[in-house]
2 protein chains.
Amino acid sequence: MSIRNQIRKGSTEMVLLTLLQQRPMYGYEISQEMTRLGDGYFEMKEGLLYPTLHRLQKEGLLTSQWQETENDRRRKYYTITAAGRERLKEQAQEWQTFMGKLQEIINSA
Amino acid sequence: MSIRNQIRKGSTEMVLLTLLQQRPMYGYEISQEMTRLGDGYFEMKEGLLYPTLHRLQKEGLLTSQWQETENDRRRKYYTITAAGRERLKEQAQEWQTFMGKLQEIINSA
DNA sequence: CAATATACATTAGTAAATTAGGTATTAGGC
DNA sequence: GCCTAATACCTAATTTACTAATGTATATTG
């Protein structure tokens with residue numbers, strides 16, 4: 001596995017929740033947004049994205065609503081819940097601390 | 001899995017190489033040092049530590065030497081190689097970029 | 001009308017990590 | 001002297017997260 005892929009591991013949940021905190025989005029949109037935002041650092045394959053969305057919904061951190069567009073495309077929009085926001089707060093806090101520690105270690109070298 | 005454990009994933013290789021860049025160390029020592037350094041953020045179970053050390057050695061990033069202590073304990077010291085330092089440079093660079101991107105995303109929320 | 005993009009999803013396989021053991025010696029408390 | 005904890009190495013079985021490879025269906029563009 002590439003260094004970049006290895007590094008990205010474990011960040012999926014937080015990045016997903018952060019995006020959905022800004023506004024409800026549908027899967028395909030999220031996938032595009034992830035790629036755009038992080039210059040490829042957060043690119044998420046569909047085989048990971050959809051199962052993760054389903055898991056987060058099952059955990060009560062997201063809800064979903066089907067919507068039809070004017071041109072007959074069906075989209076499943078995901079909305080973050082109160083529990084989701086709570087989880088995001090935790091995640092962001094933990095990431096902050098972790099990154100601080102890692103920075104210390106990198107600098108010490 | 002706890003948030004902390006999830007976050008830590010993928011950082012093992014870089015943290016290991018960073019420690020060994022400072023000085024040669026043996027497995028048990030590394031394990032202690034990891035726990036001490038990161039307030040638990042970098043705690044590495046033995047089932048991960050030893051296989052990883054062996055893998056890195058196989059990849060030519062580390063070498064190892066057995067040593068006997070005065071009180072008859074055998075220790076296997078690991079030393080980083082030139083290739084290991086190269087890899088570490090890459091890893092640290094990638095982590096820096098990744099953390100920058102992640103910080104942007106967190107701040108944007 | 002063919003190729004590409006949009007939009008959902010699943011399955012099979014891989015890699016990294018945890019859990020749970022195992023061996024052997026030394027140090028410290030009772 | 002004996003028991004527990006610490007030191008020091010290690011492996012095997014399982015779980016989890018991820019990638020790679022597909023599959024279905026419709027819309028858009030050249």
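Every chain is numbered from 1 and lettered A, B, ... according to where its sequence line falls, protein lines coming before strand lines. The structure displayed is predicted, hence computed values, not measured ones.
Computed from coordinates, the B/Met14 CE to C/dA16 P distance equals 16 Å when rounded to whole Å. Atom pair B/Arg74:CZ and C/dT25:C1' shows a separation of 10 Å (rounding to whole Å applied). As a whole-Å value, the separation of A/Tyr28 OH from D/dA25 P is 19 Å. In this structure, B/Arg55 atom CZ and C/dT14 atom P are separated by 17 Å, rounded to whole Å. With rounding to whole Å, B/Leu16 atom CG is found 13 Å from C/dA17 atom C1'. Between the C1' atom of D/dT7 and the CD atom of B/Gln67 lies a distance of 16 Å, rounded to the nearest Å. One interatomic measurement links the two molecules: CD of B/Glu68 to C1' of D/dT7, which rounds to 14 Å at whole-angstrom precision. Protein atom CE of A/Met25 is 11 Å distant from nucleotide atom P of C/dA7, rounded to whole Å.
Checking the phosphate oxygens (OP1, OP2) of D/dA8, a side-chain nitrogen or oxygen of B/Arg75 falls inside 4.0 Å. Under 4.0 angstrom from either OP1 or OP2 of D/dA8 there lies at least one side-chain N or O belonging to B/Tyr26.
From A/Leu49, atom CG reaches atom CD of A/Glu46 across 7.5 Å, with rounding to the nearest 0.5 Å. Note that the CE atom of A/Met44 and the CE atom of A/Met34 stand 4.5 Å from one another [nearest 0.5 Å].
Side-chain atoms of A/Lys76 lie closest to C/dA9 of the nucleotides C/dA9, C/dT6, D/dC9. Out of D/dC10, C/dA5, C/dA17, the shortest distance to the side chain of A/Arg73 is found at C/dA5. Distances from the side chain of B/His54 to the nucleotides D/dC9, C/dT10, D/dC10 place D/dC10 closest.
Within residues 41-51 of chain B, the residues that place at least one heavy atom under 4.0 Å from DNA chain D are, in residue-number order, B/Glu46, B/Gly47, B/Tyr50, B/Pro51.
Between A/Tyr77 and A/Tyr26, the angle of the ring planes goes over 60°, which puts this pair in the perpendicular group of the 30/60° scheme. By the 30° and 60° cut-offs, the orientation of the rings of B/Tyr50 relative to B/His54 is tilted.
Taking A/Thr63 as the reference, A/Gln65 meet the side chain to side chain donor-acceptor pair (under 3.5 Å) condition, with sequence neighbours excluded. Shown here are the salt bridge (Lys or Arg N to Asp or Glu O under 4.0 Å) partners of A/Glu90, two or more places apart in sequence or in another chain: there are none.
Between B/Ser11 and A/Tyr77, the one whose closest nucleotide on DNA chain C sits nearer the 5' end is A/Tyr77. Nearer to the 5' terminus of DNA chain D, by closest-nucleotide assignment, is the contact made by B/Gln32 (compared with the other of B/Leu53 and B/Gln32).
A salt bridge does not link A/Arg75 to A/Glu29: none of the charged side-chain nitrogens sits closer than 4.0 Å to a carboxylate oxygen.
Residue B/Thr12 is in sugar-phosphate contact alone, with no base atom involved, counting any heavy-atom pair closer than 4.0 Å across all strands shown.
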